[in-house]
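Sequence lines set the chain letters: A, B, ... in the order given, protein chains first and strands last, and positions in each chain run from 1.
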Amino acid sequence: MLKFAVKRILVSIPTLLAIISLVFFLVHITPGNPFDGERALSPEALKSLMAQYRLDLPIWQQYLLYLNDLIHGSFGISMKYLGQPINSLLFPDNMGGFWVTLRLSIYTMIIAVPFGIILGAYAGLHKNSWFDKLVVSSNIFFTAVPTMVTGPLFVLILAVTLQLFPAGGWGDGDFAHLFLPVLVLVLAYSPTIAFVTRGSIIDVLNSNYIRTARAKGLPTKKILFKHAIKPAILPVISLLGPMFAGILVGAVVTEQIFTLPGLGVLTTNAATNRDYNMIMAITILGSILTIVFNIIVDLLYMLLDPKIKQ
Amino acid sequence: MFVKAKNLNLDTPKTKGFWLSVFSRLARNKLAMTSGCIIVVLTLLCIIVPMFSSVAYDKTDWGQIMQSPSAAHWFGTDSLGRDLFVRCFIGGRITFEIAFAAAFVVLLVGIFYGAIAGYVGGKLDTIMMRIVDVLYGIPFLFFCILLITLFGNSMALSFVAIAAISWLDMSRIVRGQTLSIKHKEFVEAAMISGVSNFKIITRHVIPNLLGIVIVYAALTVPNMIVMSAVLSFFGLGVTEPMTSWGLLISDGAQNMQAWWLLLSPATLMVITLLSFAFLANGLRDALDPR
């Protein structure tokens, strides 16, 4: 168990390193530098800027220094807000930046996963009922139509027309302000979870050991909770790894819709101001999160799957 | 004596019967056929409406600002008095152009990458699939924005950036399918007769991937539509006065009092995305009857 965990973590280090290298060299090999667009800088000022951002060093030295920074938990200095460390923009003391995105993603996961599993299990147990058909068709709808369409429509109906919720903004992170963004995200991701749960419940209920349990005369409730739930949940757990990356990006898009001060704003600013260091930091941070979450999911899977446990 | 290669019939057997039966199965699926028709009609409208409309998509009319839908302006007008009906369809044209172009690149890259990795196998396969794994670890939106930031913001570049990060799924699917085709008798026969690897891939492997590629193409186009629309929310991709569905929706989301600004492009986009989803479902059922 511990051996597997250590191995799983060690395997992901080269992947992360490859991502960091790819992003770094992509940014630094591309011709032009972020200070090209600035109003004409005097040669001395430009030189000192280049020195401050180490752009005057050979590229391999820049690379090693950047890795060194990352190991020490620093993403370098912003190229737009001169001299300001990226960490203080990404992880501000008050609510903002990464914390907003993280909170949105976590709320979504906490609500969407159990919600989806319960709906899916119920639909699978009542195959071909109207509820089952509703789950299947809502999966088709919400996988086809993204949050960037459903989000504004919800705002139009629930916030602007019916005036039930504020149309946007973080407020102080209270229920009213977070309800709509989280609702949009939950609706986007729970149908997939429900659909997968439904499929695996149907598979499990048709399997031989459930038939045996039934033949022995065990009550349905006992069959469900003792024998069916655990194996039926496994496919859902392996779905969560890739889904988290989707939710992270979905949260960033949702922030744009509801004008929340998260990674979305930082990304837009970085893109329009060509703040290379910032956008590198966001990309790498996103990759780290995705990889870490995938490790957690794999470990969870191993805990639940008796086949891997030994 | 060797038998000359041209005397051997190395062509893949004509599978007309298969495609005919696929088509007849698809034709019986009313939902998929309706969806296909809707897509064709919408595409035609996107071509025709801007061509024959009496007002240009970028014609501003200060006397007609923020008018709700009427006989003169079927979808209403925007904050610069431009006719939304024309803008919706020129935006649709741009959206379809980006989506089809990106989907084409995705299919091309994905098919060749996956087919080569799966067919050659061994070390090359391991390396190629490791690269795919690494790229999977990067959240696609951030990477896409990084590419656009680096290489400049234009419509052409935005579709290249979208395509550059979207071929991964395709290559994985094609690789898996190739692995199973590789061990079929006709491919082994071709190998023994000394047909070159390149020719086996293009003549035998890729035609047999056609089924899965068609289904995946019907899923890729709507994905590309969504991706280009998402970029619009970040102020990237298509820029004013040109427009796209993403840009129109993001405009509408900022002017909620004028509900038609949001509802018109959003409805068009929902119809398009659902049509592609149903078409893809129908194609999958038709190609793989069980």
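- With a 4.5 angstrom heavy-atom cutoff, Ile131(B) does not touch chain A via any of its atoms.
- For chain B, the nearby parts of Val252(A) are the backbone and the side chain; heavy atoms of each come within less than 4.5 Å.
- Both the backbone and the side chain of Val145(A) come within less than 4.5 Å of a heavy atom of chain B.
- Residue Met148(A) holds its CE atom at 10.5 Å from CZ of Phe234(B), rounded to the nearest 0.5 Å.
- Taking Val226(B), Thr272(B), Asp133(B), Leu146(B) one by one and counting their heavy-atom pairs under 4.5 Å with chain A, the maximum is reached by Leu146(B).
- For the atom pair Leu135(B) CG and Thr15(A) OG1, the distance stands at 11.0 Å (nearest 0.5 Å).
- Both the backbone and the side chain of Thr283(A) come within contact range of chain B, judged by heavy atoms closer than 4.5 Å.
- One distance of note links CZ of Phe140(B) with CG of Leu248(A); it measures 10.0 Å at 0.5 Å rounding.
- Ranking Ile19(A), Thr150(A), Asn294(A), Thr290(A) against chain B, the residue ahead of the rest is Ile19(A), based on heavy-atom pairs under 4.5 Å.
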For the pair Leu26(A) and Leu147(B), evaluate side-chain contact (heavy atoms from CB on, under 4.5 Å) and give the outcome as yes or no after the intermediate values.
CA-CA 9 Å; Leu26(A) 204 62; Leu147(B) 288 179; 3.6 Å; yes
Would Leu156(A) and Leu263(B) satisfy side-chain contact (heavy atoms from CB on, under 4.5 Å), going step by step from the backbone distance to the final call?
CA-CA 9 Å; Leu156(A) 183 65; Leu263(B) 274 191; 4.0 Å; yes
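- The heavy-atom pair separating Leu262(B) from Pro152(A) by the smallest distance is CD2-O, 3.5 Å.
- The shortest heavy-atom contact between Pro146(A) and Leu273(B) is CD-CD1, 3.5 Å.
- No more than 12 heavy-atom neighbours from other residues, nucleotides or ligands sit within 6.0 angstrom of CZ on Phe104(B).
- Across all their heavy atoms, Gln256(A) and Phe233(B) have their closest contact at NE2-O, 3.2 Å.
- For Ala245(A), no part lies under 4.5 angstrom from a heavy atom of chain B.
- Taking CD1 of Ile145(B) as the reference point, atom OG1 of Thr268(A) lies at 7.0 Å (rounded to 0.5 Å).
- Ranked by non-hydrogen atom pairs under 4.5 Å with chain A, the options Leu219(B), Ile249(B), Val270(B), Leu150(B) are led by Leu150(B).
- The residue among Thr161(A), Val253(A), Thr259(A), Ile288(A) with the most heavy atom pairs within less than 4.5 Å of chain B is Val253(A).
- Proximity to chain B (any heavy atom under 4.5 Å) is restricted, for Ala270(A), to the backbone atoms N, CA, C and O.
- No part of Phe276(B) comes within reach of chain A, as not one of its non-hydrogen atoms sits under 4.5 angstrom from that chain.
- Ile140(A) CD1 to Leu274(B) CG: the interatomic distance, rounded to the nearest 0.5 Å, is 9.0 Å.
- Of the two parts of Asn223(B), neither the backbone nor the side chain holds a non-hydrogen atom closer than 4.5 Å to a non-hydrogen atom of chain A.
- Chosen from Ala229(B), Gly235(B), Ala277(B), the residue pairing most often with chain A at heavy-atom distances under 4.5 Å is Ala229(B).
- When heavy atoms are compared at a cutoff of 4.5 Å, Leu22(A) approaches chain B solely by way of its side chain, counted from C-beta outward.
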Run Phe142(B) and Val23(A) through side-chain contact (heavy atoms from CB on, under 4.5 Å) and show every step you take.
CA-CA 11 Å; Phe142(B) 300 145; Val23(A) 170; over 6 Å; no
